[in-house]
**Q** 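Starting off with a structure, shown below.
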There are 2 protein chains.
Amino acid sequence: MSESNLKIPNLTMTMKRTSSTVQINNQETLFNPINSKRAFEAVSTEIKKLIFKGTLKPGDRLPSEIELARQFGVGRQTIREALRLLELSGFIKTQKGVMGGPIIVDTILNTLSNSLLDAIQMKKITIYELTVARVEIEKVVLSYVIKNAEDSDIKILEENIHKAKKKIEDGIQAFDENIQFHKLLAKASRNHVFTIMVEPIMAVVADFLSRFEQNLEHSKKVILAHEDILKAITEKRGEKAISLLEDHLLEVRNRLQVFIDQSRD
Amino acid sequence: MSESNLKIPNLTMTMKRTSSTVQINNQETLFNPINSKRAFEAVSTEIKKLIFKGTLKPGDRLPSEIELARQFGVGRQTIREALRLLELSGFIKTQKGVMGGPIIVDTILNTLSNSLLDAIQMKKITIYELTVARVEIEKVVLSYVIKNAEDSDIKILEENIHKAKKKIEDGIQAFDENIQFHKLLAKASRNHVFTIMVEPIMAVVADFLSRFEQNLEHSKKVILAHEDILKAITEKRGEKAISLLEDHLLEVRNRLQVFIDQSRD
DNA sequence: TCACATTTGTCCGTATGTATC
DNA sequence: AGATACATACGGACAAATGTG
């Protein structure tokens, strides 16, 4: 399949001080400006650059560790540590075996969700904060859905509801579909920033909601709320849609209240 | 200072299948349930557990790599790869030298912002999308600033403006301070989720703005806008503040119009 | 200032397991 | 089934940084 006699461009250790991509460290970040970049960081950054530039795309195979070590002019351990960074950041996965090696993927949003969970476990973020932010962001998202959504988006949302209803008819809960609905809404806003922000939040919300014993009645209720919202969207009744969404989200928030109370302070 | 004759509890390779932390894989994650956990992942998970449990707290020093390798019954390379995961996740930093070693820190929120930045760069988000999202998110943020900001937050914002003004008087642009103002606003919302979201957005905005030749006149204008906004905040005039912010951001957006036109489609 | 010990950073060689052909 | 190519992992070695006496 994917050709992989890739030559990492002429970076054979051109990396002395890769003028790092956009930095966040403007100020007071108690971090690394002192620590001259380590080799594995430089390698990781170089590969990331190639991915950002589009030279490397999901599905592409990187050369094997040994070959990477040769091309970058570093040892294998360095390459391995660089790959660990890329893997944890959601840029690559590794496959063992003969046609294996590092493969470019795009699972950054998963990565984000996991980090969010870590942050919650470390109590740096409370579920209260998260749900508050969720409501606000989704309200904004919805206003852009009404502005920007195309027929295809509406169709996808309708399919989501349809699938959910079918499950209910079969006596199965539609948990995943109901979470998915909100992610699809974000996509329908046609703004990737919103998509990126909503995805990990919904993953965490799903994680917490899944700890309740769900029941069919509730699933059904959620679907009906989604249906109403979608209807208001198609009718371009913006304010109606937003108020429906708000009601819906506040109800979900109440169901999470147990967790919220636990984490509020 | 920090004692570090820590003995990692009796985990001398008890890790066969550490029942992985909270999972997110609800759906379509094409991921790892098959792949039996690798040694460095197991080590990483064990150490993370100790951090979550509170056994290890920020400031604590972990044993040296060699000692960790001994205690876990694995090689040093495995320990190093585990440390890379923990480092990138914001749980530890490493210091060289005699009193060095892995040290527990808590920079998870930074990690989150960095991941968001990766996602933004990966999705090839247009400046148009970015500025649209920025305006909306900052408006929400500001409404929470007015609700939640404490005197200390206001003070910090005032200091920011003061510092910026001083720079202008000295004939120096106050670029960083003017970017910082928006990050500080996010912090003053007292919702960490907003803080995390605004950070990468401002990083990208700063990156684009820095490509213009800035001038003192403009810097000054920006500071005055910030000052007006802050004044409206302290006077609890919410709507006024928001409309001022909106004007300000739209003006910035106009300055970016060149790029926006280029990237709009 | 100058050794000295400690610890990360890095390289190399080797062995093993595993997936593919 | 056997050969191949790859990740995974171990151990030894040395350089570089850093704090101590």
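Protein chains get the first letters and strands the later ones, always in sequence-line order, with residue 1 at the start of each.
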**Q** After noting the C-alpha distance and the side-chain angles of A:T195 and B:E129, does the key distance pass the side-chain contact (heavy atoms from CB on, under 4.5 Å) rule?
**A** CA-CA 11 Å; A:T195 312; B:E129 285 175 299; over 6 Å; no
**Q** Which comes earlier along DNA chain C counting from the 5' end, the contact point of A:Q95 or that of A:F40, where each point is its nearest nucleotide?
**A**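 Whichever sits nearer the 5' end wins; that is A:F40.
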**Q** Could you give the CD1-to-P distance, from A:I103 to D:dA5, as a whole number of Å?
**A** 17 Å
**Q** Please report the C-alpha distance between A:R84 and B:S44 in whole Å, then the side-chain angles of each, then the deciding distance to 0.1 Å, and finally whether the side-chain hydrogen bond (donor to acceptor under 3.5 Å, both in side chains) criterion is met.
**A** CA-CA 12 Å; A:R84 290 296 85 76; B:S44 166; over 6 Å; no
**Q** Ignoring backbone atoms, test whether A:R61 places a side-chain nitrogen or oxygen under 4.0 Å from the OP1 or OP2 oxygen of D:dA7.
**A** no
**Q** If you assign A:R84 and A:V98 each to the DNA chain D nucleotide with the nearest heavy atom, which residue ends up on the more 5' nucleotide?
**A** A:V98
**Q** How close do A:A188 and A:L157 get, counting heavy atoms only, and between which atoms?
**A**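 Nearest heavy atoms, A:A188 then A:L157: CB-CD1, 4.4 Å.
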**Q** Does B:K124 have more than 12 heavy atoms from other residues, nucleotides or ligands lying within 6.0 Å of its NZ?
**A**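 Yes, the 6.0 Å shell around NZ holds more than 12 heavy atoms from other groups.
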**Q** Roughly how many Å is it from CG in A:L68 to C1' in D:dT8, rounded to a whole number?
**A** 16 Å
**Q** Is B:E87 paired with B:K93 through a side-chain N to carboxylate O contact shorter than 4.0 Å?
**A** no
**Q** Whole angstrom is fine here: how far is it from CG in A:L85 over to C1' in C:dG9?
**A**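 Rounded to the whole Å, the gap is 14 Å.
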**Q** Nearest whole Å is fine: how far is C:dA19 P from A:K93 NZ?
**A** 14 Å
**Q** Roughly, in whole Å, what's the span from CZ in A:R70 to P in C:dT10?
**A**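 Rounding to the nearest Å, CZ of A:R70 and P of C:dT10 are 20 Å apart.
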**Q** Flag the pair A:K57 and A:D106 as a salt bridge only when some basic side-chain nitrogen lies within less than 4.0 angstrom of an acidic carboxylate oxygen.
**A**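 Not counted as a salt bridge, because no side-chain N and carboxylate O are separated by less than 4.0 Å.
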**Q** For C:dT10, does OP1 or OP2 lie under 4.0 Å from any side-chain N or O of A:R38?
**A**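 Checking C:dT10 against A:R38, no side-chain N or O comes under 4.0 Å of OP1 or OP2.
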**Q** By the 4.0 Å heavy-atom rule, please label B:E81 as base, sugar-phosphate, or nothing.
**A** nothing
**Q** Compare side-chain N and O positions of A:T94 against OP1 and OP2 of D:dT8 and report whether any pair is under 4.0 Å apart.
**A**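 For D:dT8, OP1 or OP2 has a side-chain N or O of A:T94 closer than 4.0 Å.
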**Q** Please write out the pairs of protein N or O atoms and N or O atoms of nucleotides 10-12 of chain D separated by less than 3.5 Å, giving the distance to one decimal.
**A**
{"unit_1": "D:dC10", "atom_1": "OP1", "unit_2": "B:G75", "atom_2": "N", "d": "3.1"}
{"unit_1": "D:dC10", "atom_1": "OP2", "unit_2": "B:G75", "atom_2": "N", "d": "2.7"}
{"unit_1": "D:dC10", "atom_1": "OP2", "unit_2": "B:T78", "atom_2": "OG1", "d": "2.3"}
{"unit_1": "D:dC10", "atom_1": "O5'", "unit_2": "B:G75", "atom_2": "N", "d": "3.3"}
{"unit_1": "D:dC10", "atom_1": "N4", "unit_2": "B:Q77", "atom_2": "OE1", "d": "3.0"}

